[in-house]
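Notes follow the structure.
In each ligand, atom 1 is the first atom listed, and ligand 1 is the first ligand listed.
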Amino acid sequence: MMDSGGAEAESLDDFRTRVREFLRAEIGPPGDSAPLTLRNTGGDDAEDLREVARQRELQRRFFDAGLAGIAVPVEYGGQGLTPAHQRVMNEEIVGYDFAGRLQVPNMTPCMAVILDFGTEEQKREHILPILRGERLWMQFLSEPGAGSDVAGALTTAVRDGEEWVLNGSKVWTTGAWWADWGLCLARTNWDVPKHRGLTVFMFPIDAEGIEVHRIEMLNGNMDFCQEFLSDVRVPDEQRLGDVDDGWTVGLRWMFHERMGANSPYVTLPADFEHTALDGAAVLSVVAEAGAIDDPVAQDRIGEAETLHLVGQALTRRVGDAMQRGTMSDQASALVRMFVGLSLARRNTLTFELAGVDGIAWTADDGPIAFRGDDFLMRQAACIGGGTIEMAANVVSERVLGMPREPSLDRDRPFRDVPRGPR
Ligand SMILES: Cc1cc2nc3c(=O)[nH]c(=O)nc-3n(C[C@H](O)[C@H](O)[C@H](O)COP(=O)(O)OP(=O)(O)OC[C@H]3O[C@@H](n4cnc5c(N)ncnc54)[C@H](O)[C@@H]3O)c2cc1C
C-alpha cells in the first residue's frame, strides 16, 4: 500500500534536516487560534470559516514544500516515503503551527480508506485535492439508531440505473458544515445479515438532497452536525468498494480511525493527545490557583503526570510494535482505551486543581480559563472515534483472542431483526 521507494532517495536524517529548515523558515508558532474543534469558539461562524481557510492555506504550504502526504504513494501526489518519515515530521513539528482540522477524520480515516479501497480513477481524482487542502472530508458513519453498532445502519441506498438513491440520516458528523465531501456507509441489501448488506459511497456534502443541521454541544460548540439525506443521487463511480461489501471497507475504516495520531497519514505534533494537559500545563493551573503547597493538590499533580507519561510511553511503544509487526494493527485499540480514560481523568484532576475559579472564568483568566469547559466535555475523549467500551471489545476479542460477545442478529436477514420504534 505504501511506496517505500522514496525512502531510499531520502534518509531519515536528511528528511529531518529538510523538515527543520522548512519549519524554521516558513512556519510560525501555533498562536492562539484553535487548531482543533470542541472548544466553544463563541458562535462566530465567520471566524471559524476563516480559521478553516487559513488551515487549508497552511496545508498547501506543506504540500508545495513536498511535505504533505509523506507516506502516500508518489503517483497520487504524496512523497512515497515511510511511516518513519511521518514520525520524524511529527517530532519536528512540536511547537509549530499545523493544520489540525485537516488531519482527523480527513487524512485518516477518510483518505486512508480511499487509498485502501479506491479504484485507480478514484484515487487519482480525490487524493491530490486532499493533500493540497482543497477538499476536506468528513465521515458519515453514526446514525441516530446506530453508533457503536455501526453495521446496524438504516440509511438506505437503492440502485437506479447508473446511480444510487440515498435516504436516511447521519449524526454527530464533526465539521460537516465547513467540509466538502462525505464518506458514507449505507444499507444496500436488507435480505442478508446486517454486516453483509452494506456499501460505502462518496459524495459532496452540498449535493442536492442533503440538509445539514448544526447541533450544540454541552459547552456551546456548534461543530457537530446531523444530516438528512432525501433522494440524494450518487453516481455508481462514487461507490467505494464492492456492492454489499461495505463491512470490509468499514472494518478498515474503523481501524484507521483507532490509529488516530499513530496513523502514517497524520501530521500532528508527537504526543499531541497527551501534551494538552502535560505536567507544565497542570502545574500552571495549580500555581494560578495558589495551591502548590497543598498535599492533596500534590497527589493530584502526581497522578496527572503519571497518566501523561504512561500514555506517551504506551503510544510510542504500540506504534513501534505495530510498525515492526510484533503487535497486530488491532493493538491501536489499547492506545485508544488508555488515551480516552487518561484524558477524561486528567481533565477531572485539573478541574479540581483549579478550585472555585475553574467554575466561572473569562477567556483572559490565564491557565485556569476553560478548565470547567474541558471538564464538562471530558467524556468526548471516551466516545468520539468509537467508545472505549468498543475498544475494550477489540482488545479482548482481537488482541487477546478471547471469545466473541454473543450476537442475536449475526445470522438473520437484517429485515427480520427486531428494531425499536424510530
Ligand atoms: C467528539 C466526537 C466526535 C464524533 N465525530 C463523529 C463523526 O465525525 N462522524 C460520525 O459518524 N460519528 C462521530 N461521532 C459519534 C461517535 O462515533 C458515536 O457517538 C460513538 O460511536 C457511540 O455511538 P452512540 O453515541 O450511538 O452510542 P451507543 O452506541 O448507543 O452506545 C451507548 C453506550 O453503550 C456502550 N456499548 C454499546 N455497544 C456496546 C457493546 N457491544 N459492548 C460494550 N459496550 C457497548 C457504548 O460504549 C456507550 O457507552 C463523534 C462523537 C464524539 C463524541
Check whether any N or O atom of E143, backbone or side chain, sits under 3.5 Å from an N or O atom of ligand 1, and answer yes or no.
-> no
Under 4.0 Å, heavy atoms only, figure out whether ligand 1 is touched by the backbone of T387, its side chain, both or neither.
-> side chain
Which distance, rounded to the nearest 0.5 Å, do you find between the CH2 of W178 and the CG of D223?
-> 6.0 Å
Heavy-atom nearest option to atom 40 (C) of ligand 1, drawn from M390, E389, K170 | M390
Does T173 reach ligand 1 with a nitrogen or oxygen that is under 3.5 Å from one of the ligand's nitrogen or oxygen atoms?
-> no
Just list the side-chain donor-acceptor pairs under 3.5 Å for residues 378-388, sequence neighbours left out, or say none.
unit_1	atom_1	unit_2	atom_2	d
R378	NH1	F375	O	2.7
T387	OG1	E389	OE1	3.4
T387	OG1	M390	N	3.2

Give a yes or no on whether R317 atom CZ has more than 12 heavy-atom contacts from other residues, nucleotides or ligands under 6.0 Å away.
-> no
So, do F22 and F62 have ring centers that fall under 6.0 Å from each other?
-> yes
Quick one: look at N393 and ligand 1, take heavy-atom pairs under 4.0 Å, and tell me if it's side chain, backbone, both or neither.
-> side chain
Identity of the nearest option to atom 11 (O) of ligand 1, non-hydrogen atoms only, from G386, G147, S142, A391 | S142
Between R54, R61, R60, which is the residue that forms a side-chain hydrogen bond (donor to acceptor under 3.5 Å, both in side chains) with E57?
-> R61
Taking the six-membered ring of F203 (Phe, Tyr or Trp), confirm whether the NZ or CZ of R233 is under 6.0 Å from its centre and within 45° of its axis.
-> no
Answer yes or no for Q379: is there a heavy-atom contact with ligand 1 below 4.0 Å?
-> no
Atoms of ligand 1 less than 4.0 Å from T174 heavy atoms?
-> 3 (C), 4 (C), 5 (N), 6 (C), 7 (C), 8 (O)
With a cut-off of 4.0 Å, which atoms of ligand 1 are near a heavy atom of L141?
-> 11 (O)
side-chain contact (heavy atoms from CB on, under 4.5 Å) with D357: which residues, sequence neighbours excluded?
-> I368
